[in-house]
Protein chains: 4
Amino acid sequence: MASRKTPDATRRSERSRVAILTAARELIAEVGYAKLSIEAIAARAGVGKQTIYRWWSSKGAVVFDSLLALSEGADGEGIALPDTGDIEADLKTVLRATVAEFADPEFEAPIRALNTEIINDAELAAIYREKMAAPVEEAKKERLRSAQRAGQLAADADLDLFLEVLYAPLAQRWLLRSGPLDDAFADALVDAALRAFRPE
Amino acid sequence: MASRKTPDATRRSERSRVAILTAARELIAEVGYAKLSIEAIAARAGVGKQTIYRWWSSKGAVVFDSLLALSEGADGEGIALPDTGDIEADLKTVLRATVAEFADPEFEAPIRALNTEIINDAELAAIYREKMAAPVEEAKKERLRSAQRAGQLAADADLDLFLEVLYAPLAQRWLLRSGPLDDAFADALVDAALRAFRPE
Amino acid sequence: MASRKTPDATRRSERSRVAILTAARELIAEVGYAKLSIEAIAARAGVGKQTIYRWWSSKGAVVFDSLLALSEGADGEGIALPDTGDIEADLKTVLRATVAEFADPEFEAPIRALNTEIINDAELAAIYREKMAAPVEEAKKERLRSAQRAGQLAADADLDLFLEVLYAPLAQRWLLRSGPLDDAFADALVDAALRAFRPE
Amino acid sequence: MASRKTPDATRRSERSRVAILTAARELIAEVGYAKLSIEAIAARAGVGKQTIYRWWSSKGAVVFDSLLALSEGADGEGIALPDTGDIEADLKTVLRATVAEFADPEFEAPIRALNTEIINDAELAAIYREKMAAPVEEAKKERLRSAQRAGQLAADADLDLFLEVLYAPLAQRWLLRSGPLDDAFADALVDAALRAFRPE
DNA sequence: CTATAACCGAGACGGTACGTCACGTCTTGGT
DNA sequence: ACCAAGACGTGACGTACCGTCTCGGTTATAG
């Protein structure tokens, strides 16, 4: 069941690893995911192609890792959501921030690339959920639990479902460009989600 | 000074058009979107490559057309939703059907391919919304208006938002494989959406 | 028994064919056979690698053809040997010329390349004999027959053997650098060969 | 300012040296010279690549050494030619044996490899002549001197030339596959050489 | 009797070239 | 004019080896 050739990870060149991931990130921003090539990454990173193939199984895996690396460092505590005691206000703040983030053209290419990868590769999807989505989601749920304790959300609300109802429409509009992505939309989503899961 | 290339659509070979679209559909199902090539489509269709390039601007466009063709024929009236008078029951019926459809491995490859295209190509996204999404959406909204008239939905409910809250989480789970996609989930979504937009 | 893919020779680009052969010849002279690469030939010829692989099966075949092309044009009559009536004088003239030719550094690289190919590829060896060696050999034998008629050579002399005795030592010295390659050696070879095959 | 690299020969691992040479010989026989790689030799010999590069300057040098090793052991006296008093009979015996040796497919690959190396590398050619060719040649010349003393060969015959006239045609036919290599040919060569250098 | 310097196995590394695939353009001959 | 066929220049693929460069580990003299 093990892979046929297992390079010795202790000998791995950290310099090369970082250079490859950096080059991949830069190139995605510059030429987009579709026109990204392993050769270009290797050239930009000053690395032999084999060094990429030795440690990653596909272009998608490199790209994925390069984006994953972005969200690291701030692992754990750093990603708590604001808690003013007013769940509606706090969620609107957060969703408006998300909307603003999506509007940043800098994030456009990499995030579309990431989604393209995840849609077509179940394995990467699993890693994505574990490494990138899960911590953020947990932070969000923590805030929701606080709201439940404060009686602002039904005590038996399915928090996963709540988050999906809240975020999926946002993500869909952005991905499919199926409608305006503005503060009004963010607010409307928060209102709808809170209505759907209010106490009583 | 005139545009360099304007093929005469009246002379277009219908036989070739159909063969290309059919070949594209078959190949997507067989090898997936990523490994699909124009050359393979041409070979399978018994067509010169130029005949493809003459009428479509990119691989995505061919693929897109080939999938678009699937949803045609039943244009207009055919896609009305059930209306038993009970919006909750009707929506659950429809969403459960959608869930079942997504579970069909036959649809897997083409729909993921379609989404990959749409995510990365704004123009195709527009055509998709106009040609494929809009008619279906309109049918759904028609049913919702009926529910509004029956007092089962708030009179001022934003129907677009309602549909997004209802369908986006479904689509997201399927695309990202972020959770089970079953009848229970469908029912929970309908319940949440109806709670968010109930009258009063 | 036919090759798996047979390109249409009538469509072949003469421009590319000539450019490839020319580039190959130039590069052999410049960098030698061992360091010659298909990629370099393609680049120099302004041609895609596939165009080379389409028409030749190996680097050796290209190189071989490029050298073969050199000896064409003068096919047939052009290669008669001098016939003054004195076979000894004539052979010495010819062998001294051959010695001089071998001393030309311009010929060094290509001819060594040619021999390397022929030694290791029986098929190329056969083509070489038929296309390059045979015509020259026939011309030489014609001169020897004239000498036989003049009574300067045994009437029953094996002319093939005569030529081998005459030329093989020359070629060997050059290839293996096993001794000086000068006029004295040429003369000595002619003397020995004539002694071995004199009349009576 | 001293030479950068001077491995200490006294510390050299004999086990590795032999394993490398053996592996090289085996691989030449198995895959031929052209497809032989340093990495394959190292792997087969259970040796690090550096150990090869430390002691040999090129692939050719390794191959050459591996073949050279074959002809050692019997250095010096062992390689005397038969001397029955009849030079014609003795030479025919020897040449027929050589012909038989060339027909052995076991020798095919290595000897062609050796020649390929020698043709393209003047330095190896010099070593070859000194280490492999010279002793054999001296033995042959010793037999010829005996024939001269017996009056079977011209007293002033150039023995080097004699050997070239005798052996070069043989080697050429084998290398270029330019004709049958049989006993008849061997006999004809001996006859021709003896005619060329007979007394008087 | 260490220690310290070389060789050694292993194999990661930056590279070059391989031979293949598909791209999108262009040309030819047939309908 | 459109079409099937496919040659072409281009560029990327993933693989094989190149020759160099660390890494421990193991000898085998020199202190």
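Below, all heavy atoms of this structure are taken into account, side chains as well, without hydrogens, waters or symmetry copies. Everything numeric in this text was worked out from a predicted model, so none of it was measured.
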(request) Check the distance between F:dG11's P and A:Lys59's NZ and give it to me in whole angstrom. (result) 17 Å
If you restrict it to nitrogen or oxygen atoms, what contacts under 3.5 Å exist between nucleotides 10-14 of chain E and the protein, and what is each distance?
unit_1, atom_1, unit_2, atom_2, d
E:dA10, N3, A:Arg11, NH1, 3.4
E:dA12, OP1, A:Asp8, N, 2.8
E:dC13, OP1, A:Ser13, N, 2.7
E:dC13, OP2, A:Arg54, NE, 3.1
E:dC13, OP2, A:Trp55, NE1, 2.7
E:dG14, OP1, A:Ser16, OG, 2.8
E:dG14, OP2, A:Gly48, N, 3.4
E:dG14, OP2, A:Thr51, OG1, 2.9

(message) I need the full list of side-chain hydrogen bond (donor to acceptor under 3.5 Å, both in side chains) pairs touching residues 19-29 of chain C, with sequence neighbours left out, sorted by first then second residue.
(response) C:Glu26-C:Arg44
(request) Find the distance C:Ile52:CD1 to F:dG9:P and express it as a whole number of Å. (result) 9 Å
(request) Only counting residues at least two apart or in another chain, list the ones meeting side chain to side chain contact (heavy atoms under 4.5 Å, CB included) with D:Ser37. (result) D:Glu39, D:Ala40
(request) Name the residue closer to the 5' end of DNA chain E, choosing between C:Ala40 and B:Ala40 according to the nucleotide with the nearest heavy atom. (result) C:Ala40
(message) Could you tell me if the side chain of C:Val62 sits less than 4.5 Å from the side chain of C:Leu36, heavy atoms only?
(response) no
(request) Flag the pair A:Ile20 / A:Trp56 as yes when at least one side-chain heavy-atom distance between them is below 4.5 Å, and no otherwise. (result) yes
(message) I'd like to check the side chain to side chain donor-acceptor pair (under 3.5 Å) partners of B:Ser13; sequence neighbours left out, ordered by chain and number.
(response) B:Ser16
(request) Could you identify which residues of residues 18-32 of chain D place a heavy atom less than 4.0 Å from some atom of DNA chain F, listed by residue number, or say none? (result) none
(request) Could you check how far CD1 of B:Ile38 sits from C1' of F:dT10, rounded to whole Å? (result) 17 Å
(request) Map D:Leu36 and A:Ser37 onto DNA chain F by nearest heavy atom, then report which one ends up closer to the 5' terminus. (result) A:Ser37
(request) Would you kindly give the CD1-to-C1' distance between B:Ile41 and F:dA4, to the nearest whole Å? (result) 16 Å
(request) Kindly indicate whether the side chain of A:Trp55, heavy atoms from C-beta on, has any atom under 4.5 Å from the side chain of A:Arg17. (result) no
(request) Kindly write out the residues that satisfy side chain to side chain donor-acceptor pair (under 3.5 Å) with D:Asn115, not counting sequence neighbours, or none if the list is empty. (result) none
(request) Find out whether B:Asp121 and B:Tyr128 are in side-chain contact, i.e. whether some heavy atom of one side chain is under 4.5 Å from a heavy atom of the other. (result) no
(request) Rounded to the nearest angstrom, tell me the gap between atom OH in C:Tyr53 and atom P in E:dG19. (result) 3 Å
